[in-house]
Amino acid sequence: MRIALLGIYTEALFLVSAITAVAMGLAEAADPPVFGSGAGVVVNTSNATSCTWDGVQELDDEVWKPAASYAFRGRSNETQGPGHIDRDIMHMVRRLSVTEKIGQMTQVQVGLLLDCNGELNETAVKHWINTWKIGSFLESPGNHNGRYSWYSPQKFSELTDAVQRIALENGPKIPVLWGLDSVRGANYVKGATIFPAGIATAATFDADHAFAAGRVAAKDSRAAGTHWAFAPVLDIAVNKLWSRTYENFGEDPFLSAQMGRASVQGYQGDYKSDRTRVAACLKHFIGYGYPFDGSDRANRHIAAHELLEYYVPPFRAAIEAGSATAMESYGVVNGEAIMLSHYYLTQLLRKQLGFEGMLVTDWGEINSQDTLYRTAKNVEEATKLALQQTSVDMSMVADDASFGQTMLDLVANGTLSEERLDESVARVLQLKKDLGLFTDPFADPQLATTVGSQQDVNAARDAVRESVTLLKNENNVLPLKVNDKVLFIGPTLDSTRLMGGGWNVHWQGPSNEDGDAVYQGFGDTILRGVRQVTGKAPKYMQGVDIDGEALIDIDNVVRAASKADKVVVGLGEHTYAENGGNIGQLLLPEKHIELVSAIANQTNTPVVVVLVQGRPRGLGTIAQNAAAILNAYLPGAYGGLPIAELLYGRVSPSGRLPTTYPATEAQASATIWQSSYGEYAPQWAFGYGLGYSNITYSNVTLSHSDLQMGAPVTVSVTVTNHGPHVQKEVVQLYTHQQYRMGYAPELFRLRGFTKVNLNVGASETVSFVLTAEEMAFWDRKLRRRIEPAPVTVAINPFIQKDISAVVQLRGDPGYVLEEADY
């Protein structure tokens, strides 16, 4: 049973609020909240007067037996989202001092709360709560010199509960909101199931996987005492050099929108009543995915009408799904700082898209206007402009108290009004109420028993089974047979951490020192998966290091390859995130390419290449020398078994590329929606992917020959599996407008997709509804309208040739469906 723990200030404040609510006949906050005790928390209260720790992180020794399964609320079409500010919240806002209001708008990272022994320093927590009235913390201690490299839900919640207890006894006595980058599962919580990266989830072309990943991430985040996930990541990944390509749902607006909507539903769900859910955070608003030179945070050049057409749709979908929070983007678009832009953060986000939730900056982004981008002459000016020109509510200032001090000065000298603070503080406090923090801000210990559940692991593995994309299969070299003599080569085949990539245990992924030991059994490898599938220990040689700096024992590798029936080579990338993943060219390291070339040219053994990578790296001669190529993306910690199952035909591949796969460096920013007159000749097109079965399409029909507003057309096609395997098949609907007056039409636009499961010999008729409204486009006057023309309706155009029909799009070009102010 939980013990009530209220500070006098909080109790009195909520009692007044409750009386006011009852008097007005309001249901909300009719009773003063009851806080849990956080009893049993073990923290260091000595404030590290003696520094005895050597700074080398340890493995968290917490052991538990995860529940095999548990009940949860499924996906619902009903939307809970932000908007209304309750009266008791407004009453609370009015009673706060200016310092307390600014504190609620401030977020700092957990490292500021730790001592030199990597433990919680209660004196530091009290300092931040009492002096600066901090309302939100973020991050994992494992990323900020905490004692443990990967914190179990038990130890993580001990820390967060202790901070909550201090917050309720000090300062304004308001519970704190804790944010965490749980972008692919609760990746910073030990034992939490790490799902495939966003790019891999998108490759499933099944939004249920995005929902499942979000739901499990939310549950495991709450188990650690955190309430807010900085996810989903909804940037449109245009420049494939970009180090954050893997975090997103690909290059296509429609695919990203469907995945983003499901992801928000997974993370957030019924977050106002379901305490296994967190606040979702749509990010990064906006245009982040087209860095001019491919490096993280580089300037983006995106015309306003193209921003609305291609980059906005995923964010619109997430807002419609009820996302409680949003995060603005790093950097500048067309030279204009996102952080200081009235257009992007007020006009577009709030007014046009209707976002009513809480808006947070990215890490240190207000200060960066002065220190990095030079878009303000000093931090004070940057802070003033951010608050005056945008609707930002919280500064992820992260590392210091500069935001608090600057804000106090701006209010004191009359530059900022207290009313401006009230607007943001109300949204912050309403979010805390919606998340249940005024009822119980502490972690539920029962949730910790579900972290690492086999049910969650199965969900992650199912996503991998449906994401891995077969790009080439010459002479049906795949699937392998159990009795084949196979030599396995390459660093990604024997590594859990490389399957995880960045945002996995740590920000940049596990270090070389961490290795795979950091997982403590919560994961597998491809080699272990092979052993499980075949019942035999695979023969393995490393062949090359992950950075491609040197071939390893190449003569013996080639000699062993010549004696094998087949060779499987696992290549890819080391772990990275953000600037840590900047590269100058897409091409894989030279030694990776040399390894495949040596085997292909010096033996007669067919080579199968498995790519474990966060972006589509250039293959050079691998594309010709490999008999088969599987793109596994970043499948997560449990990717090993499903990849082995795919290699051996236990499952037929059904993943499809969510990005264009460039053939040359010049194609780094090629997309399926580029202008149709330009050459589109990538290595593999968006939406491409093969299976082990022979699938055919036939009988494309349209319910009507004309397409006009208010009169949708049904597009139907028959899909047949001729065997020899059961096959999950992604059916994709595209359109290509044959001309558009004054504006170049796109090569193709994805308009719909579904995934069907076909037994051998089975056929299924799949239908899509196509509307004229979907065919409207944004022009340079920021008007969304229709230009009539013939439209080719195509099914899987880069896999199935000539499966298409033509419909006549009709409409008044002068009729404006939607208009935007700039």
Side-chain angles (χ1 to χ4, degrees), residues 205 236 250-258 305-306 308-313 316-317 656 660 670-680 685-688 697-719 730-754 765-818:
F205 276 74
I236 295 296
E251 73 183 33
D252 184 76
F254 181 80
L255 176 61
S256 297
Q258 302 312 303
H305 62 293
E306 292 184 334
L308 293 169
E309 184 73 36
Y310 306 116
Y311 299 84
V312 162
R316 185 190 293 270
R656 300 293 181 261
T660 297
T671 66
I672 192 70
W673 44 263
Q674 68 185 41
S675 297
S676 60
Y677 68 86
E679 182 183 42
Y680 184 73
F686 172 91
Y688 184 81
Y697 288 70
S698 60
N699 303 324
V700 178
T701 62
L702 305 177
S703 62
H704 201 280
S705 59
D706 287 347
L707 179 62
Q708 50 192 335
M709 290 178 58
V713 168
T714 300
V715 182
S716 299
V717 64
T718 300
V719 190
V730 178
V731 185
Q732 306 164 55
L733 174 71
Y734 294 84
T735 63
H736 165 66
Q737 190 161 335
Q738 294 183 11
Y739 59 84
R740 183 186 289 155
M741 297 298 291
Y743 293 84
E746 299 96 340
L747 178 65
F748 281 106
R749 291 297 297 271
L750 180 67
R751 302 297 184 187
F753 61 85
T754 190
T765 298
V766 175
S767 295
F768 299 96
V769 175
L770 181 66
T771 68
E773 288 82 353
E774 293 174 78
M775 300 299 299
F777 73 103
W778 288 96
D779 67 19
R780 71 181 304 273
K781 294 181 180 179
L782 305 189
R783 304 172 304 178
R784 191 166 172 266
R785 58 189 183 83
I786 291 171
E787 278 286 350
V791 173
T792 301
V793 179
I795 305 293
N796 297 20
F798 294 100
I799 304 173
Q800 302 286 334
K801 302 299 182 184
D802 302 322
I803 307 298
S804 62
V806 176
V807 65
Q808 178 63 44
L809 176 64
R810 301 192 184 280
D812 177 6
Y815 181 77
V816 178
L817 283 74
E818 187 178 356

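All figures in this text were calculated on a predicted structure; none of them were measured in a lab.
If you take CG on Leu747 and CD on Glu679, they are separated by 11.5 Å, rounding to the nearest 0.5 Å. Taking CD of Glu774 as the reference point, atom CD1 of Ile786 lies at 10.5 Å (rounded to 0.5 Å). To the nearest 0.5 angstrom, Arg783 atom CZ is 13.5 Å from Leu308 atom CG. Expressed to the nearest 0.5 Å, how far CD1 of Ile795 lies from OG of Ser698 amounts to 11.5 Å. We find the OH-CH2 distance between Tyr734 and Trp673 to be 14.5 Å, quoted to the nearest 0.5 Å. A distance of 9.5 Å separates CG in Leu702 from CG in Leu707, rounded to the nearest 0.5 Å.
Between Met709 and Leu817 there is a side-chain heavy-atom pair separated by less than 4.5 Å. Between Phe753 and Asp252, the closest side-chain pair of non-hydrogen atoms is not below 4.5 Å. Between His736 and Ser676 there is a side-chain heavy-atom pair separated by less than 4.5 Å. Counting only heavy atoms from C-beta outward, the side chains of Arg751 and Met775 approach each other to under 4.5 Å. Within the 4.5 Å cutoff, the side chain of Asn796 has no heavy atoms near those of the Ile803 side chain. Looking at heavy atoms from C-beta onward, Glu787 lies in side-chain contact with Gln737 at the 4.5 angstrom threshold. Side chains of Arg785 and Asp779 form a contact here, defined as non-hydrogen atoms less than 4.5 Å apart. Looking only at side-chain heavy atoms (C-beta outward), Arg656 and Ile799 come within less than 4.5 Å of each other.
Closest approach of Val730 to Tyr697, counting heavy atoms only: O-OH, 3.4 Å. Heavy atoms only, all atoms of each residue included: Val769 and Pro712 are closest at CG1-CB, 3.6 Å. Across every non-hydrogen atom of Tyr739 and Pro788, the tightest pair is CE1-O, 3.9 Å. Heavy atoms only, all atoms of each residue included: Ala772 and Leu809 are closest at CB-CD1, 3.9 Å. Ala805 and Val700 get closest at one heavy-atom pair: CB-CG1, 4.1 Å. Here the closest heavy-atom approach between residue Ala794 and residue Pro797 is recorded as CB-CB, 4.2 Å.
Looking at Tyr310 and Thr671, their side chains never bring a donor and an acceptor atom within 3.5 Å of each other. Side-chain N/O atoms of Gln808 and Ser705 include no donor and acceptor closer than 3.5 Å.
Checked by atom type and distance alone, the side chain of Gln708 never pairs as donor or acceptor with a backbone atom of Arg810 at under 3.5 Å. Counting only distance, with no hydrogens or angles, the side chain of Tyr680 and the backbone of Gln674 share no donor-acceptor pair below 3.5 Å. A donor-acceptor pair under 3.5 Å is formed between the side chain of Glu251 and the backbone N or O of Ile672. Side-chain N or O atoms of Ser675 include none that pairs as donor or acceptor with a backbone N or O of Gly678 at under 3.5 Å.
Salt bridge status for Glu773 with Arg784: absent, with no side-chain N to carboxylate O gap under 4.0 Å.
No option in Tyr677, Trp778, Phe777 other than Phe777 meets the ring-ring contact (aromatic ring centres under 6.0 Å, His included) test with Tyr743. If you run side-chain contact (heavy atoms from CB on, under 4.5 Å) between Val719 and each of Thr765, Thr754, Asn699, Val731, only Val731 comes through.
The six-membered or imidazole ring of Phe798 lies near that of Phe748, with a centre-to-centre distance under 6.0 Å.
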